[in-house]
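See structure below.
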Amino acid sequence: MIDELKPESKILLVSLLKKFGSEKPFCWSIDEIIKEFGSTKNVVTTLFKTLVKEELVTITKEFKMRGKGRNIYLFKQSIDSAVQEDVLLKKIMLSKDPVVESVLFNNFDDKVFTVGEKIKKLRSSNRLFILILLLHADKMGRVSDLSVANISKMMGGISRDRYKSQLDVLLTTKLVSYKVSGLTGKAMFGKIKGKIYLNYNHLLFTINPPSISLLTIEIAHTNLGSSDSEATALLRYSQYYLTHVNKKQMNNQFSWPDCLQPCVQYVDMDLILPFLEDKVVHDQLQLLLIELASEMLSINRSNLDEVFFSPTMKVLLSWEKLMPSNMLKKHSNEFEQLVDIGKLFRNRTSDWRGFRQNQFSEAVFSYIELIVLLIHISRKIAFRFKSLLALVEIELDDSSQIMIAPHFQHDLSMHKFVIYYSSSNKCDNTEVFIDTNINKRINGGGPKLILADNLKERLRDVSLRIGNT
């Protein structure tokens, strides 16, 4: 029953339970409940009518000689069992996070959520949506394991249009910095969930700052050359391929951008191109490359020439994640025998001709070629960011975890991106602006000038041609 409550009723119920608990009577008027929890009379009366019907609460009147009467409410013990069966309410009840408490009880300054100079008044449903993201985000702010259907169900079965409207509010107020939509059965990727990234630089998190550091870098666009992303370049090549019958002519005419030129020579692109026929895979493809690069920087930053297949790398490169649904159905038995991605990669890169003697289907060979290409491209991205971190004098621990955030932005004059990283030292919020010099500001302090010889050339060497995702 509880999971079917509308968002407004759901957040009111959990707020009341969090404040009063079960089997403890409390005496409040409807007006007091409305004022305290930011609700409405209709929501309050509808919620308690439902709870009485389900025999989860008792309500008795307290009459006074003067003034309005008040109700004495008592949540029965049975409501605890109902809450335990609801994944979201259970998480909220167990949470001790001050940010969760602040959102739940609507206890934050109105100026926290603004659009331009206008204050955005959050509705109860907006706050419940925020709670879902807060409680399912990892320490870097990624919400990875929730589909639109999952979130809609936790919101009481809201429609897809209302889901989009809720997310748009958080994007507009910049609590969510970026989202990548999921895919189903396209040319590349099977059924894959979308991802939502919280903006840990948002004012809401000043209540309880995350235990990670934030680096924001803005670079004058004139220093960067092309702004094509790797995914954009790959998809453009695919489209170019489809319009040219003569492959030799095509290869002579097509000029690979710098971000891909050293990588494509290692693979047979004819096997990979079918994965790139649909432009809809662009965002997920670029995100995958960035996630692979982030993992490489986290686990093997000192020796990026060596590819180490961590558990995360294996998941990111698994055939279950990369292969389209129709190919998985047709070749599932063969894919299931591919248990060691690292061994496949080493055998493939050490002896391509010998590797082709294996009795694999064309589908499996295509998958392995795709892995090789993804690793080479993401490793190049990792090298670039490692060089950039050194250029702006960011010191990392050997155990630092790094996440390149996927909300790259650029216009005619500026290119901006964000990196989150963990550190055993204090957590910093660092802003770097690069034009003719490097200016660095830590935790809102005064700017520090970093002297770098031949800055423009060094930036081009770093090859920050990442582009928009």
Side-chain angles (χ1 to χ4, degrees), residues 140 142 144 188-189 192 229-231 233-234 256-269 271-272 275-276 284-323 335 337-358 360 363-390 396-404 406 419 421-422 461-466:
M140 294 295 187
R142 287 172 296 203
S144 304
M188 183 180 175
F189 303 111
I192 185 170
S229 70
E230 289 79 7
L234 284 170
W256 286 102
D258 293 345
C259 63
L260 289 179
Q261 181 61 53
C263 305
V264 295
Q265 61 184 322
Y266 297 108
V267 296
D268 183 348
M269 287 301 297
L271 289 173
I272 295 173
F275 297 121
L276 307 173
Q284 281 286 351
L285 175 56
Q286 187 66 25
L287 175 61
L288 174 60
L289 292 168
I290 292 170
E291 288 184 322
L292 288 167
S294 298
E295 181 68 4
M296 291 175 181
L297 288 168
S298 298
I299 64 174
N300 201 28
R301 187 165 53 255
S302 61
N303 186 17
L304 291 173
D305 285 316
E306 181 181 346
V307 181
F308 178 71
F309 288 86
S310 67
T312 298
M313 290 274 286
K314 291 178 180 178
V315 171
L316 291 172
L317 294 168
S318 67
W319 52 267
E320 296 97 329
K321 177 181 175 69
L322 295 180
M323 294 296 96
F335 278 121
Q337 297 177 32
L338 307 178
V339 294
D340 191 340
I341 293 178
K343 184 178 180 181
L344 285 171
F345 175 79
R346 289 187 292 271
N347 290 344
R348 158 61 184 83
T349 53
S350 63
D351 181 12
W352 167 233
R353 290 187 178 180
F355 190 76
R356 283 290 279 178
Q357 301 304 312
N358 285 293
F360 292 141
V364 171
F365 279 123
S366 298
Y367 163 64
I368 297 168
E369 286 300 282
L370 180 61
I371 287 178
V372 174
L373 180 64
L374 293 173
I375 288 175
H376 282 299
I377 296 174
S378 56
R379 185 166 56 182
K380 192 171 187 297
I381 296 174
F383 271 117
R384 291 201 296 267
F385 276 92
K386 179 182 177 180
S387 299
L388 182 62
L389 290 169
L396 299 170
D397 305 325
D398 290 339
S399 60
S400 291
Q401 184 179 349
I402 296 172
M403 185 192 80
I404 305 166
I419 298 173
Y421 62 95
S422 60
D461 289 341
V462 170
S463 300
L464 284 170
R465 299 177 176 91
I466 308 295

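Count residues from 1 along the sequence.
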Of the non-hydrogen atoms in L317 and I371, which two are nearest, and what is the gap between them?
-> O-CD1, 3.8 Å
Looking at residues at least two apart in the chain, or sitting in another chain, which of them share a side chain to side chain contact (heavy atoms under 4.5 Å, CB included) with K314?
-> F309
How long is the gap from CG on L285 to CD1 on I290, to the nearest 0.5 Å?
-> 10.0 Å
Evaluate the side-chain proximity of V364 to Q337: yes if any heavy-atom separation is below 4.5 Å, no if none is.
-> no
Can you sort out the partners of T349 under side-chain hydrogen bond (donor to acceptor under 3.5 Å, both in side chains), two or more places apart, ordered by chain and number?
-> none
Sorted by first residue and then second, give each side-chain hydrogen bond (donor to acceptor under 3.5 Å, both in side chains) pair with at least one member in residues 291-302; sequence neighbours left out.
-> K195-E291, E295-S310
Worked check of side-chain contact (heavy atoms from CB on, under 4.5 Å) between L370 and M323 = CA-CA 10 Å; L370 180 61; M323 294 296 96; 4.0 Å; yes
State, to 0.1 Å, how close L316 and K321 come at their nearest heavy-atom pair, and which atoms those are.
-> O-CD, 3.1 Å
Output for pair (C263 SG, I375 CD1), nearest 0.5 Å, gives 11.5 Å
Note: M140 and Q401 closest approach over all heavy atoms is CE-O, 3.3 Å
Residues that D351 engages under side chain to side chain contact (heavy atoms under 4.5 Å, CB included), provided they are two or more places apart = R353
Inter- and intrachain pairs under salt bridge (Lys or Arg N to Asp or Glu O under 4.0 Å), touching residues 364-376, at least two apart = R348-E369
Report the C-alpha distance between R346 and V307 in whole Å, list the side-chain angles of each, state the deciding distance to 0.1 Å, and finish with yes or no for side-chain contact (heavy atoms from CB on, under 4.5 Å).
-> CA-CA 9 Å; R346 289 187 292 271; V307 181; over 6 Å; no
Can you sort out the partners of F335 under ring-ring contact (aromatic ring centres under 6.0 Å, His included), two or more places apart, ordered by chain and number?
-> W319, Y367
Side-chain contact test, heavy atoms from C-beta onward, threshold under 4.5 Å: evaluate it for F360 versus I368 and give yes or no.
-> yes
Does any non-hydrogen side-chain atom of L389 lie less than 4.5 Å from one of Y421?
-> no
Apply side-chain contact (heavy atoms from CB on, under 4.5 Å) to I419 and L388, showing your working.
-> CA-CA 11 Å; I419 298 173; L388 182 62; 5.5 Å; no
Which atoms form the tightest heavy-atom contact between L396 and I402, and what is the distance?
-> CD1-CD1, 3.6 Å
Quick check: does any side chain N or O of S422 sit under 3.5 Å from a backbone N or O of S400, one acting as donor and the other as acceptor?
-> no
In this structure, CD1 of I377 is separated from CD of Q286 (nearest 0.5 Å) by 9.0 Å
How far apart are the C-alpha atoms of L234 and I272, what are their side-chain angles, what is the distance that settles it, and do they pass the side-chain contact (heavy atoms from CB on, under 4.5 Å) test?
-> CA-CA 10 Å; L234 284 170; I272 295 173; 5.9 Å; no
What residues form a side-chain hydrogen bond (donor to acceptor under 3.5 Å, both in side chains) with E306, not counting sequence neighbours?
-> N303
Where do I404 and A293 come nearest, in terms of heavy atoms and distance?
-> CD1-CB, 4.3 Å
Here the ring pair (Phe, Tyr, Trp, His ring centres under 6.0 Å) pairs for residues 284-308, sequence neighbours left out, are none
Provide the closest heavy-atom pair for L304 versus R379 in the form atom of the first, atom of the second, distance.
-> O-CD, 2.8 Å
side-chain hydrogen bond (donor to acceptor under 3.5 Å, both in side chains) involving Q284 - partner list, sequence neighbours excluded = none
